[in-house]
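The structure appears below as structure tokens.
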Amino acid sequence: MKKIVKLIAITAILAGITSCASKKSVEDVENVKAPETSNTSEPLLIDDFEYGLFWEAVGSSWNDGDCSMFCKESTEWGTEGETSLECTVTTNGADWEKSGFFTTPIDTDWTGLTKVIFDIYNPNNFDLSTTIVLQAGENWDAWNQLDAQIVPPGESTLEFDISNCKNIDFIQRLIVYQFGAVTQECKFYIDNVRAE
């Protein structure tokens, strides 16, 4: 009889311990927060030019009369780290002439982002006319060209509204274009290219 009482007592104690342990486990699980997921509306650094050159000058490669000559990393000026993108152009002075510099394909989803911002330095003694194009869509079928902005000599920060751009969920390429009547070879620099 004593053995039966001992077995009942041990069983009761073990049941109590198991009940407490499982109760604590449930409370622990209820208090655990799921890891935060990445949100495409978070600011996106497109390039700060600190980790290699991922841009090209359009030049003659698209056979569209582009006047860009070349681009390279430069430590002459910068706002995000020590390096920026130095872009060199030359035109014949016609208002319609353009010079483009583009990222290698980036294939990213910009859903929730509404603007592209970058810092630009114009070391010339004349204004520049600068815009961006977002090429988008799995088949490169959207050409989102925004209104040009005037960049006076010196440092500026440009902001472009991309909220009405098509196929924003599949951005293939960003192009920075310089338009207008530059009648001599000139340079400009860009840095801290981001989307917000």
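The first residue in the sequence is number 1, and the count goes up from there. Since this is a predicted model, take the numbers as computed values, not measurements.
Taking every heavy atom of both residues into account, Gly100 and Ile175 meet most closely at CA-CG2, 4.2 Å. A pairwise comparison of heavy atoms in Thr90 and Met69 identifies CG2-SD, 3.4 Å as the closest pair. Listed here is the closest heavy atom pair of Asn124 and Pro153: O-CB, 3.2 Å. Contact between Cys71 and Ala57 at its shortest, heavy atoms only, is SG-N, 3.8 Å. Shown here for Ile190 and Phe49, the closest heavy-atom pair between the two residues is O-CE1, 3.5 Å.
Taking CD of Glu56 as the reference point, atom OG1 of Thr104 lies at 7.5 Å (rounded to 0.5 Å). One finds the CD atom of Glu73 at 8.0 Å from the CZ atom of Phe54 (value rounded to the nearest 0.5 Å). The distance from atom CG of Leu158 to atom NZ of Lys115, rounded to the nearest 0.5 Å, is 13.5 Å. Rounded to the nearest 0.5 angstrom, Gln149 CD and Asp127 CG are separated by 12.5 Å. Rounding to the nearest 0.5 angstrom, the gap separating the CG atom in Leu174 from the CD1 atom in Ile132 is 5.5 Å.
Asn122 places a side-chain N or O within 3.5 Å of a backbone atom of Val151 that can act as its donor or acceptor partner. No donor-acceptor pair closer than 3.5 Å links the side chain of Thr130 to the backbone N or O of Gln178. Counting only distance, with no hydrogens or angles, the side chain of Gln172 and the backbone of Gly137 share a donor-acceptor pair below 3.5 Å. In this structure, Glu50 contributes its side chain and Glu82 its backbone to a donor-acceptor pair below 3.5 Å. Counting only distance, with no hydrogens or angles, the side chain of Asn192 and the backbone of Glu80 share no donor-acceptor pair below 3.5 Å. With hydrogens and angles disregarded, no donor-acceptor distance shorter than 3.5 Å links the side chain of Ser68 to the backbone of Val89. Asp47 places no side-chain N or O within 3.5 Å of a backbone atom of Val193 that could act as its donor or acceptor partner. Remark: the backbone N or O of Glu76 is paired with a side-chain donor or acceptor of Ser74 at under 3.5 angstrom.
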- Given Trp110 and Ile46, is the side chain to side chain contact (heavy atoms under 4.5 Å, CB included) satisfied, shown in steps? CA-CA 11 Å; Trp110 289 12; Ile46 299 165; 3.5 Å; yes

- Item | Stepwise side chain to side chain contact (heavy atoms under 4.5 Å, CB included) check, Ile171 with Ile106 | CA-CA 7 Å; Ile171 299 297; Ile106 47 182; 3.9 Å; yes

- Evaluation steps, side chain to side chain contact (heavy atoms under 4.5 Å, CB included), between Val176 and Phe102: CA-CA 6 Å; Val176 174; Phe102 63 92; over 6 Å; no

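Between Arg194 and Asp119, at least one side-chain N (NZ, or NE/NH1/NH2) sits under 4.0 Å from a carboxylate O, which counts as a salt bridge.
Within 6.0 Å of CD on Gln145 lie more than 12 heavy atoms contributed by other residues, nucleotides or ligands. Within 6.0 Å of the CG atom in Asp147, the count of heavy atoms belonging to other residues, nucleotides or ligands does not exceed 12.
A chain of hydrophobic side-chain contacts below 4.5 Å, direct or via other Ile, Leu, Val, Met, Phe, Trp or Tyr residues, connects Ile120 to Ile162. At a threshold of 4.5 Å between side-chain heavy atoms, the hydrophobic network of Ile, Leu, Val, Met, Phe, Trp and Tyr places Leu113 and Phe160 in one connected group. Val116 and Leu45 fall into different hydrophobic clusters, where Ile, Leu, Val, Met, Phe, Trp and Tyr are joined by side-chain heavy atoms under 4.5 Å apart, directly or via other members.
By the 30° and 60° cut-offs, the orientation of the rings of Phe188 relative to Phe101 is perpendicular.
Scanning for ring-ring contact (aromatic ring centres under 6.0 Å, His included) contacts around Phe170 gives an empty result, with sequence neighbours left out. Every residue two or more places apart in sequence or in another chain was checked for a side-chain hydrogen bond (donor to acceptor under 3.5 Å, both in side chains) with Asn144, and none qualifies. Under the side-chain hydrogen bond (donor to acceptor under 3.5 Å, both in side chains) criterion, Asn63 pairs with no residue, sequence neighbours left out. Listed by chain and number, the residues in a side-chain hydrogen bond (donor to acceptor under 3.5 Å, both in side chains) with Asp48 amount to none (sequence neighbours excluded). With sequence neighbours excluded, the residues forming a side chain to side chain contact (heavy atoms under 4.5 Å, CB included) with Asp161 are Ser163, listed by chain and number. Not counting sequence neighbours, Trp140 has no partner by the side-chain hydrogen bond (donor to acceptor under 3.5 Å, both in side chains) test.
Between Ile168 and Leu134, some side-chain heavy-atom pair lies under the 4.5 Å cut-off. Here the side chains of Asn167 and Trp143 are not in contact, with every heavy-atom distance at 4.5 Å or above. Proximity of Glu196 to Ile117: side-chain heavy atoms (C-beta onward) are separated by under 4.5 Å at one or more points. Side-chain atoms of Pro152 and Phe126, non-hydrogen and from C-beta on, never get closer than 4.5 Å to each other. Leu146 has its side chain out of reach of Tyr177: every pair of non-hydrogen atoms, C-beta onward, lies at least 4.5 Å apart. Side-chain contact between Leu128 and Ile150: absent, with no pair of heavy atoms (C-beta onward) separated by less than 4.5 Å.
Remark: of the listed residues Thr131, Asp64, Asp66, Asp64 is the sole one forming a side-chain hydrogen bond (donor to acceptor under 3.5 Å, both in side chains) with Lys98.
Side-chain contact check for Trp77 and Glu155: at least one donor-acceptor pair (N or O, by modelled atom type) lies under 3.5 Å.
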